[in-house]
Number of protein chains: 2
Amino acid sequence: MVTILQVSRQAGVSTATVSRVINNPEVVGVRTRERVLEVIERLGYRPNLVARDLASRSSRTIGVVINNFASVYYGFMLEGVEMALRNVGYKTIAESSQATSEGERQAWFSLLDRQCDGVVVHADNLEDDELAVLLDRQPTSVLLNRYLKSHADRCVYLDNVQGGRLAAEYLISKGHHQIATITGPMKFYQAKDRLKGFTQGLAQASITLDADLVAEGDFHEAGGEAAMAHLLDTQKPFTALFCHNDEMAAGAMETCRRRCIRVPEEISILGFDDVNVASHLTPKLTTVRQPLREIGAAAGILAHSLATGQVANSGLKTVFDAEIVERATVVDVTP
Amino acid sequence: MVTILQVSRQAGVSTATVSRVINNPEVVGVRTRERVLEVIERLGYRPNLVARDLASRSSRTIGVVINNFASVYYGFMLEGVEMALRNVGYKTIAESSQATSEGERQAWFSLLDRQCDGVVVHADNLEDDELAVLLDRQPTSVLLNRYLKSHADRCVYLDNVQGGRLAAEYLISKGHHQIATITGPMKFYQAKDRLKGFTQGLAQASITLDADLVAEGDFHEAGGEAAMAHLLDTQKPFTALFCHNDEMAAGAMETCRRRCIRVPEEISILGFDDVNVASHLTPKLTTVRQPLREIGAAAGILAHSLATGQVANSGLKTVFDAEIVERATVVDVTP
DNA sequence: CTGCCATATGTATCCGGTTACATCAAGAAA
DNA sequence: TTTCTTGATGTAACCGGATACATATGGCAG
């Protein structure tokens with residue numbers, strides 16, 4: 001491997017000058033600069049990032065902790081972070097947490113150990129208290145799609161309450177009154193908030209959510225199937241169903257298919273997220289879209305600003321609204 | 001940040017000893033070791049990986065280059081790599097190439113600059129020649145899902161010829177004789193090989209592939225739709241269709257739906273990959289499965305062995321077979 | 001009691017860069 | 001011409017660890 005020392009020798013200058021040519025070209029004399037650049041080119045020199053990071057105490061890199069890679073949900077957010085950072089000359093490195101609190105902790109620290117200048121953490125499993133402590137200690141870390149009251153300015157997230165409300169308003173606008181819902185695990189604040197907003201939305205139309213029409217799912221297809229079966233078994237009639245994510249909606253649709261219940265003719269179904277599955281289902285799923293890329297991008301930018309001490313959150317948008325993507329699973333039943 | 005120096009002072013030993021406690025505990029006296037460990041614990045010391053990597057000239061990390069993150073296809077492979085490496089105490093870091101040759105080059109080098117001990121590269125776009133040169137220069141890099149004759153032992157991939165043949169054999173076993181196919185872009189060897197195997201499979205049953213029944217797609221849904229429309233427009237009859245990936249199959253199914261052609265009653269459709277979309281389509285897609293996780297894992301292990309100079313490719317499996325996953329889009333038409 | 005060897009620990013250098021500070025040359029001002 | 005300033009470059013320390021080699025310590029055989 002060719003080092004800065006070899007370049008400096010070949011060019012007849014000191015390593016400091018070579019370093020300057022790379023990081024501060026304008027302070028180097030034109031003649032010297034060109035000579036050095038020529039040598040760099042000829043030798044195919046590439047600065048060793050590890051050495052640079054150590055010496056400069058900065059890695060120009062933001063780390064990202066996500067649950068896992070085999071899911072476009074995280075993939076989109078990751079892409080958002082990456083894209084935004086690329087624009088400011090920063091790199092992104094991601095680590096997965098396997099969706100456990102221990103994994104989240106480890107991935108987070110591991111990224112810090114690599115001297116990431118900041119880290120964007122998607123932490124579903126760590127408790128609020130611990131997160132608060134960690135955020136206090138790591139002033140350049142930000143939370144992705146999670147809201148922590150004590151550190152609101154360090155969170156970038158979808159307004160799940162708004163999303164839930166939007167779902168209710170939309171279904172009501174289509175003439176539905178008897179509406180069931182399959183929530184995510186209630187230990188997740190996303191589920192709590194979506195349900196809260198949903199309840200609010202119904203209330204606006206003077207509808208009270210019937211406890212029998214609420215089933216808790218697991219954010220996966222299987223849970224959606226089971227929850228839907230449960231809802232149907234209670235025999236309470238409903239004309240529309242709101243699911244806390246698209247996968248559970250897919251499960252619910254599967255249950256309908258099996259029981260020969262036509263969607264949307266007999267039951268309208270509304271999903272949440274708008275990840276690929278939504279557009280592949282038949283009929284295509286109407287859903288509440290999360291702007292995942294944008295959310296990721298904002299989180300990346302926020303971490304970057306914190307890391308570089310930019311003029312504080314200069315009006316950076318950190319709370320995002322969900323929006324309805326109309327496809328084919330919700331019909332208007334207005335008489 | 002607490003450094004090894006502070007730990008050594010607190011423990012009344014030299015930094016060398018602290019370093020040993022961490023990397024070679026057995027050579028340190030029991031009493032000293034415990035004292036040091038106690039201090040480490042108390043101070044919350046975490047070794048700076050950047051410094052360690054620089055000093056040891058190894059990062060215990062394997063880099064991975066993939067097209068993009070927002071696709072489970074790469075996600076699965078990445079998970080495979082990560083999982084396999086975790087077992088041997090190695091870390092994984094991924095970088096995306098945006099599916100351009102320049103991006104692949106840059107990501108690859110960037111990973112090398114970070115002193116990754118090895119790198120697993122999914123390079124669709126770089127030319128064979130350049131890949132050969134790069135592989136020669138980087139003895140610990142391996143190719144993921146691409147086959148390079150000159151460096152066969154550095155490639156971990158699906159046997160696409162076998163996959164194509166399997167597809168033909170399967171459809172034929174279901175009584176189909178008139179079979180159409182939508183290929184990937186023919187500049188990709190995957191498409192070439194799948195088509196080659198497919199042709200072979202047909203030949204085994206004395207069927208020659210009618211050129212009118214071959215349409216080139218783009219590996220995306222839109223291309224599948226268009227290609228299917230094209231195939232139907234030529235008016236040549238066929239009872240089954242083999243698509244080079246699931247997304248194009250989804251597109252083809254969409255075209256059928258629009259033209260009121262029933263799948264699988266009128267046309268059987270077989271996909272390739274078995275990524276999520278397959279199981280969400282209606283009817284569920286019968287497809288040729290790639291063992292993506294296993295492929296990723298093998299690539300990770302191979303890179304790791306090369307990096308650590310393990311007893312060479314000790315019988316590591318590097319060529320994988322595809323298999324049929326029967327769902328609902330292919331029916332038996334044997335009279 | 002010596003001498004030797006194995007084990008435990010310290011010393012000093014190195015990894016490949018960055019950067020504060022010193023130095024030097026040349027042009028401008030006096 | 002002298003002095004100051006300014007811009008270009010070099011010197012050397014440092015980032016936080018790893019590790020080859022030197023040294024010290026203790027046990028055991030002779």
Side-chain angles (χ1 to χ4, degrees), chain A residues 1-37 39-40 43-61 89 91 109-117 308, chain B residues 1-37 39-40 43-61 89 91 109-117 308:
Chain A
M1 181 203 295
V2 23
T3 73
I4 202 174
L5 183 63
Q6 305 176 31
V7 174
S8 70
R9 292 225 174 98
Q10 283 277 323
V13 298
S14 71
T15 63
T17 298
V18 178
S19 177
R20 287 190 199 102
V21 169
I22 295 170
N23 304 304
N24 264 67
E26 64 280 4
V27 308
V28 177
V30 190
R31 306 187 58 88
T32 331
R33 188 197 314 159
E34 305 218 310
R35 184 153 33 94
V36 171
L37 285 173
V39 175
I40 287 181
L43 264 46
Y45 167 71
R46 308 205 94 217
N48 179 324
L49 295 191
V50 176
R52 169 160 78 45
D53 291 356
L54 179 61
S56 67
R57 296 176 218 40
S58 156
S59 59
R60 297 162 170 79
T61 299
K91 300 226 160 203
F109 281 127
S110 161
L111 257 6
L112 255 15
D113 290 343
R114 277 187 197 280
Q115 296 217 326
C116 284
D117 295 354
T308 55
Chain B
M1 182 202 296
V2 23
T3 75
I4 202 174
L5 184 63
Q6 305 177 31
V7 173
S8 71
R9 292 223 174 101
Q10 283 277 322
V13 298
S14 72
T15 63
T17 297
V18 178
S19 177
R20 287 189 200 103
V21 168
I22 294 170
N23 304 304
N24 263 67
E26 64 279 4
V27 309
V28 177
V30 191
R31 307 185 58 87
T32 332
R33 188 197 314 159
E34 307 219 308
R35 184 152 34 94
V36 172
L37 285 174
V39 175
I40 286 180
L43 265 47
Y45 167 71
R46 307 204 97 217
N48 178 325
L49 295 191
V50 176
R52 168 161 79 43
D53 292 356
L54 179 61
S56 67
R57 296 176 221 36
S58 156
S59 60
R60 297 164 170 78
T61 298
K91 299 224 161 205
F109 281 128
S110 160
L111 258 4
L112 254 15
D113 291 343
R114 278 187 197 281
Q115 296 218 325
C116 284
D117 296 353
T308 56

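Numbers restart at 1 for each chain; the letters A, B, ... are given by sequence-line order, proteins then strands.
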May I have the list of side-chain donor-acceptor pairs in residues 28-37 of chain A shorter than 3.5 Å, sequence neighbours left out?
from, atom 1, to, atom 2, distance (Å)
A/Arg33, NE, A/Pro25, O, 3.3
A/Arg33, NH2, A/Val28, O, 3.2
A/Arg35, NH1, A/Ala11, O, 2.5

For residues A/Leu54 and B/Ala51, report the shortest heavy-atom separation together with the two atoms involved.
-> CD1-CB, 3.8 Å
Can you check the B/Asn24 CG to D/dT19 C1' distance for me, whole Å?
-> 10 Å
Would you name the heavy atoms of A/Tyr45 and A/Thr3 that are closest together and state the gap between them?
-> CE1-C, 3.5 Å
When rounded to whole Å, the CD1 to P distance for the pair B/Ile4 and D/dT19 reads 11 Å
Results of salt bridge (charged side-chain N to carboxylate O under 4.0 Å, His left out) for B/Arg57 - residues two or more places apart only | none
May I have the distance from B/Asn23 (atom CG) to D/dT19 (atom C1'), rounded to whole angstrom?
-> 10 Å
Should A/Ser19 be listed as having a side-chain N or O under 4.0 Å from OP1 or OP2 of C/dG17?
-> no
B/Arg46 atom CZ, neighbour heavy-atom count above 12 within 6.0 Å | yes
Take atom CZ of A/Arg46 and atom C1' of C/dG16, then tell me their distance rounded to the nearest Å.
-> 15 Å
Would you indicate what B/Asp53 reaches in the nucleic acid, counting non-hydrogen atoms under 4.0 angstrom: base, sugar-phosphate, or nothing?
-> nothing
Rounded distance in Å - OH (A/Tyr45) to P (C/dG16) = 10 Å
Atom CZ of A/Arg52 to atom C1' of D/dG16: distance rounded to whole Å?
-> 17 Å
Between A/Gln115 (CD) and D/dC15 (C1'), how many Å, whole number?
-> 8 Å
Where protein sits on nucleotides 9-15 of chain C, one letter per nucleotide: B base, S sugar-phosphate only, - none, heavy atoms under 4.0 Å | BBB---B
Please give, in whole Å, the distance from D/dT9 P to A/Glu26 CD?
-> 13 Å
Determine whether B/Arg114 and A/Thr61 make a side-chain contact, defined as any pair of heavy atoms from C-beta on separated by less than 4.5 Å.
-> yes
